[in-house]
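Take a look at the structure below.
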Amino acid sequence: MLDQLPPELRDQIAVLLPQIVDGGLSLLSAILILILGIWFAGRLRLWTVRAFGRMPQMDTMLQNFFGTIVWYLAIIFTVLAVLAKFGVQTASLIAVLGAAGLAVGLALQGTLANVAAGVMLLIIRPFRAGHYVEVGGIAGTVKSLSLFTTELSTPDNIQIIVPNSDIWGQPIKNYTYHPTRRLDITFGISYGDNIGKAMGIIKAEIAADARCLAEPEPFTGVLNLGESSVDIVMRVWVANSEFWNVRFDLMRKIKERFDAEGITIPFPARTVYTVNAARKVAE
């Protein structure tokens, strides 16, 4: 069939055909490299997470963070390998990307600040996955820490995504960092009630609850003489995981004992004195 074509066209086909074949093979190999690179990046991330998971000192956040870093590096090498198949000089490309990266970095200072804050949070580690924290007026259980954001979950199961820079630049209050926590409850009794009797009821309920720790020693004392009540404070140490359960149970039991023993919890009240001044009405 080629013999029937004009000589000039046959020459052009003879020149272009090898180039088309080479280009097609380069395209196919580039697609194959891209597919294998993406697959290998995912596998490499999984292997990294599993490897760090075998270390007892590594928590979930660190495992996922390093796995993400490895995934990004593998994707970058894959893209460079694909470009090299098309004859792109990767050395000059890296220099161009470096210059472009500098310009983009200046334009995206906030984003890079989140990355830097994420790295610092992983190094300092003020919290781990599962800790209940409060930062910048936002409170929740830490679910994960990525390069840019930290994911929190509120007690009513609402997801909150916070930029890392907002967390790093704020005081962090970690409620579950220590294994124990002090529980403070204040009870108000009437001025006519027996203070010693009320304090005895509170101490008895503390002693009867095995979840209340003996050390540090529980404390009960008069905190304040209010406008309508004598305020008695109870301070007891409990395991962090039992904090709310102990609080709810002690408040109910002590209230029930107060009712049974005739100790009253007064409503806020004020005594108002009125003076009637006699006045002469001019006739």
Side-chain angles (χ1 to χ4, degrees), residues 1-123 129 142-151 159 161-165:
M1 180 179 294
L2 293 177
D3 295 339
Q4 300 176 359
L5 298 176
E8 296 81 2
L9 184 58
R10 290 201 304 269
D11 294 339
Q12 293 178 1
I13 293 176
V15 173
L16 294 176
L17 186 60
Q19 298 178 1
I20 294 174
V21 173
D22 291 341
L25 292 176
S26 298
L27 178 61
L28 290 175
S29 60
I31 294 175
L32 182 61
I33 291 174
L34 182 62
I35 294 174
L36 291 177
I38 294 175
W39 175 85
F40 182 72
R43 300 298 298 178
L44 194 60
R45 180 186 184 278
L46 181 61
W47 294 335
T48 302
V49 171
R50 288 179 177 176
F52 282 110
R54 298 188 183 98
M55 302 179 183
Q57 68 274 17
M58 285 286 181
D59 60 11
T60 305
M61 290 193 306
L62 284 173
Q63 297 170 23
N64 293 330
F65 181 83
F66 287 119
T68 303
I69 293 294
V70 170
W71 186 87
Y72 277 118
L73 292 176
I75 291 297
I76 291 174
F77 282 116
T78 299
V79 172
L80 292 178
V82 169
L83 294 177
K85 294 300 296 183
F86 291 103
V88 178
Q89 296 296 325
T90 56
S92 58
L93 178 62
I94 292 174
V96 172
L97 290 177
L102 178 61
V104 173
L106 294 176
L108 300 176
Q109 295 182 19
T111 303
L112 295 179
N114 288 327
V115 176
V119 173
M120 293 303 300
L121 288 173
L122 286 171
I123 294 175
V142 179
K143 292 299 182 181
S144 64
L145 172 63
S146 65
L147 282 175
F148 306 103
T149 61
T150 298
E151 179 184 352
Q159 183 191 51
I161 305 297
V162 186
N164 289 333
S165 59

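Residue indices begin at 1 and follow the sequence shown. Keep in mind the model is a prediction, meaning the values are calculated, not measured. Values reported hereafter were calculated over all heavy atoms of this structure, with side chains retained and with hydrogens, waters and symmetry mates removed.
Note that CD1 of Ile38 is 7.5 Å distant from CH2 of Trp71, once rounded to the nearest 0.5 Å.
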(request) Evaluate side chain to side chain contact (heavy atoms under 4.5 Å, CB included) for Leu36 paired with Thr78, printing each intermediate quantity in order. (result) CA-CA 9 Å; Leu36 291 177; Thr78 299; over 6 Å; no

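Pairing each heavy atom of Asn164 with each of Gly118, the nearest pair is ND2-CA, 3.5 Å. Closest of all the heavy-atom pairs between Ala41 and Ala74 is CB-CB, 3.6 Å. Minimum interatomic distance between Ile161 and Pro163 (heavy atoms only, all atoms of both residues): O-CD, 4.0 Å.
With sequence neighbours left out, Thr149 forms a side chain to side chain donor-acceptor pair (under 3.5 Å) with Ser146. Partners of Trp39 according to the side-chain contact (heavy atoms from CB on, under 4.5 Å) rule, which considers only residues two or more places apart in sequence or in another chain, are Arg43.
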